[in-house]
Structures are given as C-alpha cells and as structure tokens.
Number of protein chains: 2
Amino acid sequence: MRPRVAPSPDLSSSLSACIARRGLKSTRQRQAILGAFLASSGHVTVVDLLARARAADPGVSPATVYRTLRLLAECGLAKPQRFHGSPTMYEIVAGREHHDHLVCTRCGRVVEFEDARIERLQTAVARARGFTVTSHRMELYGLCRLCRPARPGRKAGSAGRRSRAKRR
Amino acid sequence: MRPRVAPSPDLSSSLSACIARRGLKSTRQRQAILGAFLASSGHVTVVDLLARARAADPGVSPATVYRTLRLLAECGLAKPQRFHGSPTMYEIVAGREHHDHLVCTRCGRVVEFEDARIERLQTAVARARGFTVTSHRMELYGLCRLCRPARPGRKAGSAGRRSRAKRR
DNA sequence: CTGAGTGCAAATTATTTGCATCTAC
DNA sequence: GTAGATGCAAATAATTTGCACTCAG
C-alpha cells in the first residue's frame, strides 16, 4: 500500500555512473533487473526479482540476476541480507545510513530502524571486551501490529513462530 | 588455552534424558559426536565436529553429524548460528540464558555477551514500531584485542575485513 | 527380534562458473 | 570489431533424504 521507499531515479543514474566508471555496459537485462529492484518494496529475494524482471523482459536468466545483484552490491546500491530462515534478500541501499531490521515472523514484513543509543551501547560493550567493532547486524523478530493477536494476557514463550507467508 | 566452557556432564545426562523420553537410542556415534561437541570451545562447524568425532570413532559419517546436531538442537542442547560469511556454527546451550556475539573478523574468535540495557532498548524500539519481539539476533563484528593493529590513528572505513583464519 | 540408527549415494537448494554466442559501444 | 554480457548447463557447496543394512534395548 504505502510506498515505503521512493523509487528515486538517483539510483538508476548511480548505476549508470558505476557502470561507466568501470567500463561496463548498460544492457536490456540490467535495466529490467534494476527497474524491478527499484520498484520493489525495498527487500526482495532473487526469485521475486527474477519474476519481476521477466515481466518487463522475458529473456532474463537467473544467472544474470545473480550477476547483476553482485554488480549492484559492488556499486553500493544493493545489500544482501540473510534473515532467519528465509532465502537471501537484497535491499536497496539509497545512500542511506546503516540500519537494523524488525522482521515479522508471520507475514515476513521487514521494517528498518536505527537507534543511536543502542549503537553506542554496542560499541561500549565491545570495547569492554577488547573488541574494535567495524560492523554489526541486529535483527528483532516478532509479530508486527497487523499480525499480533489481540489477546491481552499473552505469554512470552517461544510460541509465536509460524511459517512465513510468502508474497509473490 | 583457557577453558571457556566447562565440559559439564549435565549435558550428557540431558541428552540421555531427551533420548530416553523420546524412545530413541544411545549409539556409539552419538556418544562420539556429543563428546566432541562438549569438548569444543563452544562454537564448532560441522566440518570441525566431524573431524573431532572421527578422532574418537572413525566410523562417523557427515550425515550422522547433521542428524545428531538436529537432535541436539531439538533437545535444546545445541543451537545453530550463522555468522557473517562462515559456515553454520553450532553452539553449546548449557541451559544458559540468551546471549549475543562478538565475532573477530580476522581470527574468527567468538565471544558471547549479554547486555540488559540493549535488550530493553530493543524491546522499546520494537514496541514503538508496533512490533512484539519474540527473539532477536545481534552480532558485532570487528577485531579482538589480539588481532587489532596497534596503530593509534586508524580510520573507521570499511577496510578491516580480512578473510577469516580457519582453525581445524 | 525389531524399530531406531547409520553409511552411502543420490537428491535438494542456492549460487557460481565455463563456454559459445551475442551485442553495446 | 571487440571487450564485455548473456543463457545454458554443468559445477559447487551445504545439507537432506531414500534405502538396505546394522545394532541397541
């Protein structure tokens, strides 16, 4: 429903720039895949992306999707994310800063967030253990507003994990 | 060097209990694998575990290691962890509470930690976005004390990621 | 004895790669 | 025209599974 990520044309030009800079070529397939990627909600699987790209251009092979995603990642436009048990998802990196994820274990919805307080504590905790942190990942799994049952007196047990709903 | 996790005999009995409860059998291979698992530093790959188990009993196949690890996980004694780019590691769950991980990107060392302040913030952040958190994962990647170069004026860039050293 | 467990090899799943062909520049 | 790109199929890598055989209880 709501457009979570504005399909900024900046990314297209970023890719063009990165392609030009490296002496690479702009092809029909790459356009289709990039288009499908940008039109996505921000997090797509390879399978999803292949289907979407094929809608625009039937002659796109899985291998090219993988190769293009790697290219996008190298250009800093996409980032692979491996959530819990689901296949690798690629997210749009629109020059945005680092962020972490809330993942609904029922509907699969992914919400991004960032919290400076947590980041500070992470750095502090690591330093206390002799580590210099260069990166981190944090994922919170649970039920989103829509999937949460309305029952008031819920136990916090390990119950809530249903199989994710697939959206394709 | 230092014994990170005491090879508590409790776990052996826990497994026995879980095996008995389910009407399963205690076999030579399972003993070897459990022994190797408990003798580990707390985080092992399947490859590692297979090698260690074979030291005790050469007739252990990979399939049995996988099957036994699944059994251990179902009994609540082991937990699979997928760190950054490394193969799945299994960690000993000695009835210990939840914890998160510091991972050295150079030597592969894994240090566990827990921080109530961070956990509280996680819950709060999630609630603010309409999520009820049931679980989470957090990994901090960086250099441990031993691997950190002594240079004072380091840049925080994306430099630090070398390939992990394997220990086998 | 008998059902659970095991080894092996084949099957799966996710992804990469070699190669002949094609095409953007 | 040529280096880079693509499709296909074969190759990897990690893990699971079918099946005949073995063994713990």
Trainee: Please name the residue in the list B:His99, B:His101, B:His98 that meets the ring-ring contact (aromatic ring centres under 6.0 Å, His included) test with B:His136.
Mentor: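 Exactly one candidate clears the test, B:His98.
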Trainee: Please check: side-chain N/O of A:Arg22 versus main-chain N/O of A:Cys75, any donor-acceptor pairing under 3.5 Å?
Mentor: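 Checking the backbone N and O of A:Cys75 against the side chain of A:Arg22, no donor-acceptor pair under 3.5 Å is found.
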Trainee: So does B:Glu139 get a backbone contact from the side chain of A:Arg137, meaning a donor-acceptor N/O pair under 3.5 Å?
Mentor: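 No: the side chain of A:Arg137 does not pair with the backbone of B:Glu139.
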Trainee: Rounded to the nearest angstrom, tell me the gap between atom CD in A:Glu74 and atom C1' in C:dT16.
Mentor: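 Value for this atom pair: 14 Å.
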Trainee: I'd like to know if the side chain of B:Thr134 and the backbone of A:Tyr141 have a donor-acceptor N/O pair within less than 3.5 Å.
Mentor: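 A pair under 3.5 Å: yes.
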Trainee: Separation of A:Tyr90 atom OH from C:dA14 atom C1', in whole Å?
Mentor: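 So the OH-C1' distance, A:Tyr90 to C:dA14, works out to 10 Å.
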Trainee: Take the protein atom CE of A:Met89 and the nucleotide atom C1' of C:dT15, then report the distance between them rounded to whole Å.
Mentor: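 It is 17 Å, rounded to the nearest whole Å.
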Trainee: Look only at the side chain of B:Arg30 and the backbone of B:Lys25, and say whether a donor-acceptor pair between them is shorter than 3.5 Å.
Mentor: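 Yes; at least one donor-acceptor contact below 3.5 Å.
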Trainee: Kindly say if A:Tyr66 contacts the phosphate of C:dT16, meaning a side-chain N or O under 4.0 Å from OP1 or OP2.
Mentor: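 For C:dT16, OP1/OP2 do not have a side-chain N/O of A:Tyr66 under 4.0 Å.
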Trainee: Whole angstroms only, please: what is the CZ-C1' distance between B:Arg82 and D:dT15?
Mentor: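 So the two atoms are 10 Å apart, to the nearest Å.
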Trainee: Is any side-chain N or O of B:Thr88 closer than 4.0 Å to OP1 or OP2 of D:dA14?
Mentor: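 Answer no for this pair, as no side-chain N or O of B:Thr88 is under 4.0 Å from OP1 or OP2.
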Trainee: Nucleotide by nucleotide, 5' to 3', does protein get under 4.0 Å of the base (B), only the sugar-phosphate (S), or neither (-) in nucleotides 5-12 of chain C, counting heavy atoms?
Mentor: SBBB----
Trainee: Taking the six-membered ring for Trp, are A:Phe83 and A:His43 parallel (under 30°), tilted (30 to 60°) or perpendicular (over 60°)?
Mentor: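 Plane angle between 30° and 60°, so tilted.
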Trainee: Rounded to whole angstrom units, what separation is found between the CZ atom of B:Arg22 and the P atom of C:dA4?
Mentor: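 Checked: the CZ to P distance equals 13 Å.
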Trainee: Figure out the CD/C1' separation between A:Gln31 and C:dC25, and round it to whole Å.
Mentor: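 Checked: the CD to C1' distance equals 14 Å.
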Trainee: Return the value, rounded to whole Å, for the distance between atom CZ of B:Arg70 and atom P of C:dA4.
Mentor: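 Checked: the CZ to P distance equals 16 Å.
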